[in-house]
Amino acid sequence: EPNEISFQIKQIAKELGAVDAGVAKLNPNHIYSVTGRGPAGYGKQINLDHPYIFVFAVQMDYRAMNNAPKIDVVIESSKKYLESAKTSIAIASIIRSLGYQARAHMDMNYQVILPAAAVDAGLGEMGRLGLLMHPKYGPRIRLGAVSTDLPLTVDKPRYFNGESFCRECKKCATNCPSGAISFGEGKENRGVKKWTTNQEACYKLWREVGSDCGICMVVCPYS
């Protein structure tokens, strides 16, 4: 039954290290048009017709992230990307063993915009810093997912006034050394009003400091 299998898959994800998980109907607007990095070949058209997506979060260690922007951030980020990849592959394998289609989505092999799917699945809200805000761990998480045609019970989006908090806080914008995070209101981007970061300024700083920075994650009160 959808309720039972949804519960079991969430429990398996948590046994493998996830701190939260949820299910959503896969919104076609959250599917990438073509592949980027990954084994499928750059620029190849994506045709993903799975009706459901299972999304989960793994926690990034606060002590490691607190050393931002040092190399510790890259090490911790890589470890959590690997952890989420292993979990998504395991869950996809279990679903396929039941006779259904399943695709694992992970770093360098995404076909779905995971933060958007995670909002639908009830894992949090989008924050000022352009990342998913979990109610307990803030942006200090990495996401993994499995899209599937296995009938699952869909979770409701979870709102905890994170967006309202971000509107007043602005701590990430104040501490961002590249000035990539906006102090203003969110703007409409492709039909959705949200905060977006200056990606070029952010990535330029990454290359200058030789790490993935991560200062915005650490200073966020929710972290």
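Everything quoted here is computed from the prediction, not taken from an experiment.
A distance of 11.5 Å separates CG of Asp212 from CG of Asp72, quoted to the nearest 0.5 Å. The distance from the OG atom of Ser84 to the CE atom of Met106 is 8.0 Å, given to the nearest 0.5 Å. One finds the SG atom of Cys220 at 7.0 Å from the CZ atom of Phe165 (value rounded to the nearest 0.5 Å). Between the OG atom of Ser78 and the CD atom of Glu83 there is a distance of 12.5 Å, given to the nearest 0.5 Å. Once rounded to the nearest 0.5 Å, the distance linking CZ of Arg128 with SG of Cys216 reads 12.5 Å. For the atom pair CE (Met217) and CD1 (Ile141), the distance works out to 8.5 Å, reported to the nearest 0.5 Å.
Checked for salt-bridge contact, Arg167 and Glu163 meet the test: a charged N lies under 4.0 Å from a carboxylate O. Ion pairing between Asp107 and Arg37 holds under the 4.0 Å rule for side-chain N and carboxylate O. Glu208 has a carboxylate O that lies under 4.0 Å from a charged side-chain N of Lys204, or vice versa, which qualifies the two as a salt bridge.
Judged purely by atom type and a 3.5 angstrom limit, Thr153 uses its side chain to pair as donor or acceptor with the backbone of Asn3. Formation of a donor-acceptor pair under 3.5 Å by the Glu76 side chain with backbone atoms of Asp61 is found in this model. In this structure, the side chain of Ser93 does not engage the main chain of Ile89 through any donor-acceptor pair within 3.5 Å. A donor-acceptor distance shorter than 3.5 angstrom exists from the side chain of Thr35 to the backbone of Lys44, with no hydrogens or angles considered.
Each of Val19 and Phe7 belongs to its own hydrophobic cluster when Ile, Leu, Val, Met, Phe, Trp and Tyr are linked at side-chain heavy-atom distances under 4.5 angstrom. Two different hydrophobic clusters hold Tyr62 and Leu132 under the rule that ILVMFWY side chains link at heavy-atom gaps under 4.5 Å. In the hydrophobic clustering of ILVMFWY residues, with side-chain heavy atoms under 4.5 Å counting as a link, Ile71 and Tyr203 come out apart. Under the 4.5 Å side-chain heavy-atom criterion for ILVMFWY residues, no single connected hydrophobic cluster contains both Leu143 and Leu131. Leu205 and Met65 fall into different hydrophobic clusters, where Ile, Leu, Val, Met, Phe, Trp and Tyr are joined by side-chain heavy atoms under 4.5 Å apart, directly or via other members.
Two residues are said to be in side-chain contact when any heavy atoms from C-beta on lie closer than 4.5 Å; His105 and Ser88 fail this criterion. Counting heavy atoms from C-beta on, the side chains of Arg158 and Pro135 come closer than 4.5 Å. You'll find the side chain of Leu26 reaches within 4.5 Å of the side chain of Leu48, heavy atoms only. The closest side-chain heavy-atom distance from Ser77 to Met60 is below 4.5 Å. Counting only heavy atoms from C-beta outward, the side chains of His134 and Tyr222 never approach each other to under 4.5 Å. Put simply, the side chain of His30 reaches to within 4.5 Å of the side chain of Asp120, judged on heavy atoms.
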With side chain to side chain contact (heavy atoms under 4.5 Å, CB included) as the test, would you mind laying out the steps for Met126 and Trp195 before giving the verdict?
CA-CA 8 Å; Met126 294 303 297; Trp195 286 292; over 6 Å; no
Go through His50 and Val112 one step at a time and tell me if the side chain to side chain contact (heavy atoms under 4.5 Å, CB included) criterion holds.
CA-CA 11 Å; His50 294 158; Val112 175; over 6 Å; no
Using side chain to side chain contact (heavy atoms under 4.5 Å, CB included), reason through Val34 and Tyr42 one step at a time and then give a plain yes or no.
CA-CA 8 Å; Val34 296; Tyr42 190 86; over 6 Å; no
Walk me through it: do Tyr81 and Met108 pass the test side chain to side chain contact (heavy atoms under 4.5 Å, CB included)?
CA-CA 10 Å; Tyr81 273 129; Met108 294 189 68; over 6 Å; no
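Shown here is Lys14, whose NZ atom has more than 12 heavy atoms of other residues, nucleotides or ligands within 6.0 Å. The environment of NZ in Lys170 is crowded: more than 12 heavy-atom neighbours from other residues, nucleotides or ligands sit within 6.0 Å. In Glu185, the CD atom is crowded: over 12 heavy atoms of neighbouring residues, nucleotides or ligands sit closer than 6.0 Å. Under a cut-off of 6.0 angstrom, the local environment of CZ in Arg63 is sparse, with at most 12 non-hydrogen atoms contributed by other residues, nucleotides or ligands.
Nearest heavy-atom pair, Pro51 versus Asp149, reported as atom, atom and distance to 0.1 Å: CD-CA, 3.7 Å. Annotation for Pro139 and Met133: closest pair CD-SD, 3.7 Å, computed over non-hydrogen atoms. Across all their heavy atoms, Gly214 and Ala68 have their closest contact at C-CB, 3.7 Å. When all heavy atoms of Val218 and Ser223 are compared, the pair lying nearest together is O-CB, 4.2 Å. Across every non-hydrogen atom of Pro69 and Ile215, the tightest pair is CD-CD1, 4.0 Å. Val55 and Ala118 make their closest contact through CG1-CB, 3.9 Å (heavy atoms, listed as atom of the first residue, atom of the second, distance).
Using modelled atom types, one finds a donor on one side chain and an acceptor on the other under 3.5 Å when comparing Asn109 with Arg103.
Using a 4.5 Å cut-off between side-chain heavy atoms of Ile, Leu, Val, Met, Phe, Trp and Tyr, Ile5 falls into a hydrophobic cluster with Ile9, Ile12, Leu16, Val23, Tyr52, Phe54, Phe56, Val58, Ile91, Ile94, Ile95, Leu98, Tyr100, Val146, Leu150, Leu152, Val154.
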